[in-house]
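Below is one structure; the comments refer to it alone.
Protein chains get the first letters and strands the later ones, always in sequence-line order, with residue 1 at the start of each.
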Amino acid sequence: DSGVTQTPKHLITATGQRVTLRCSPRSGDLSVYWYQQSLDQGLQFLIQYYNGEERAKGNILERFSAQQFPDLHSELNLSSLELGDSALYFCASSLQAGPYEQYFGPGTRLTVT
Amino acid sequence: AQSVAQPEDQVNVAEGNPLTVKCTYSVSGNPYLFWYVQYPNRGLQFLLKYITGDNLVKGSYGFEAEFNKSQTSFHLKKPSALVSDSALYFCAVTTGGGSYIPTFGRGTSLIVHP
C-alpha cells in the first residue's frame, strides 16, 4: 500500500459528461501529480501541484482542470468527455517538488461510452 | 528536452536466471533516474533511483541498476529471477533546473517462466 488513495476506482460515463477524480496524497507529501495511462500513449504527465499551487503542466487538455486543497488532497476535473478520454488516471505524491521518488495511487479507470 | 527509451517491449527469462531490463536516456544536464514496477490493475511502485554517487544502485526486492554515463544507460538487473517478478517495468528520467517532472519510458513487460 503506497499510502496514496484515489476514488472512485472505476467510472463509466457517457460522452459529453463531466467527472471528478479525487486523490489523497501520502501523509507528509506536499507534491501531487496526475498522470493518464493508455495503451497507445503510455504514461503521460498531466499536471503537478505543490503545497496548493500549480507547479507544472504537461499534456493536459483545456477540457481538464485540477486543484489542490488546503488539506493537500487534489481533484482532477474532466469535462466534455470524449471516447478517447477513456484511460487509467493515476495520482502520485512525493515529499517535495524535486528529484524525489513518487508514490502512486491505485488509479481510477475511466470508461467513456 | 529529456527522453527515455526502453528498447524491449517484452523480456522473457527462466526462473532462477539473471534478468536485465534495458533503459537509455537523453537529458541536458545531470540525470536523475528511476525504476518503477507495475503489477496488473495496480499503480506504479518505486523500486530504486540514481541521484548521485555510486553507479550501482540497490533497490527493493533484490533489484539493482547500474548507471553508465558514457552509454547514457540505466539498466535494471536481478541476479536470480522469480515468477513473482513478472510485471511491467518503467524507467524514468528527470533533470534539474525546472520542475523535476519525470519522463517515463513506454515500459517493458517482464515474463519469468517457471
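Residues L19(B) and V21(B) meet the side-chain proximity criterion, which asks for heavy atoms closer than 4.5 Å. Side-chain atoms of C23(B) and V4(B), non-hydrogen and from C-beta on, do get closer than 4.5 Å to each other. Side-chain contact check for F104(A) versus Y35(A): some heavy-atom pair is nearer than 4.5 Å. Between V57(B) and K49(B) there is no side-chain heavy-atom pair separated by less than 4.5 Å. You'll find the side chain of S94(A) reaches within 4.5 Å of the side chain of S31(A), heavy atoms only.
Figure legend: K78(B) and F63(B) shown as a cation-pi pair, the cationic atom lying under 6.0 angstrom from the six-membered ring centre and within 45 degrees of its axis.
By number of non-hydrogen pairs under 4.5 angstrom with chain A, the leading residue of Q45(B), Q38(B), R106(B) is R106(B). Top candidate by heavy-atom pairs under 4.5 Å with chain A, chosen from Y32(B), F90(B), F46(B), is F46(B). Note: Q102(A) leads Q41(A), K9(A), Q102(A), Q44(A) in heavy-atom pairs under 4.5 Å with chain B.
In this structure Q6(A) satisfies the side chain to side chain donor-acceptor pair (under 3.5 Å) test with no other residue, sequence neighbours excluded. Residues forming a side chain to side chain donor-acceptor pair (under 3.5 Å) with T94(B) (at least two apart in sequence, or on another chain): none.
L56(B) and L33(B) are not part of a single hydrophobic cluster, where members link through side-chain heavy atoms under 4.5 Å apart.
The distance from atom CZ of R22(A) to atom OG1 of T5(A), rounded to the nearest 0.5 Å, is 7.5 Å. Here CD of Q10(B) is found 10.0 Å from OG1 of T108(B). Values are rounded to the nearest 0.5 Å.
Contacts of L44(B) with chain A are made by both backbone and side-chain atoms, with heavy-atom separations under 4.5 Å. Looking at Q37(A), the atoms closer than 4.5 Å to chain B (heavy atoms on both sides) all sit in the side chain, from C-beta outward. Proximity to chain B is absent for every atom of I47(A), based on heavy atoms less than 4.5 angstrom apart. For Q48(A), the part lying near chain B is the side chain, with the backbone staying farther off; criterion is any non-hydrogen pair under 4.5 Å. When heavy atoms are compared at a cutoff of 4.5 Å, Y50(A) does not approach chain B at all.
Aromatic rings from Y36(B) and F104(B) are positioned such that their centres are separated by under 6.0 Å.
Residues of residues 106-113 of chain A placed with any heavy atom under 4.5 Å of a heavy atom in chain B are listed by number as P106(A), R109(A). Residues from residues 58-92 of chain A that place a non-hydrogen atom less than 4.5 Å from a non-hydrogen atom of chain B comprise F90(A), given in numerical order.
At a threshold of 4.0 Å, the pair K77(B)-E64(B) does not count as salt-bridged, since none of the basic side-chain nitrogens sits closer than that to a carboxylate oxygen.
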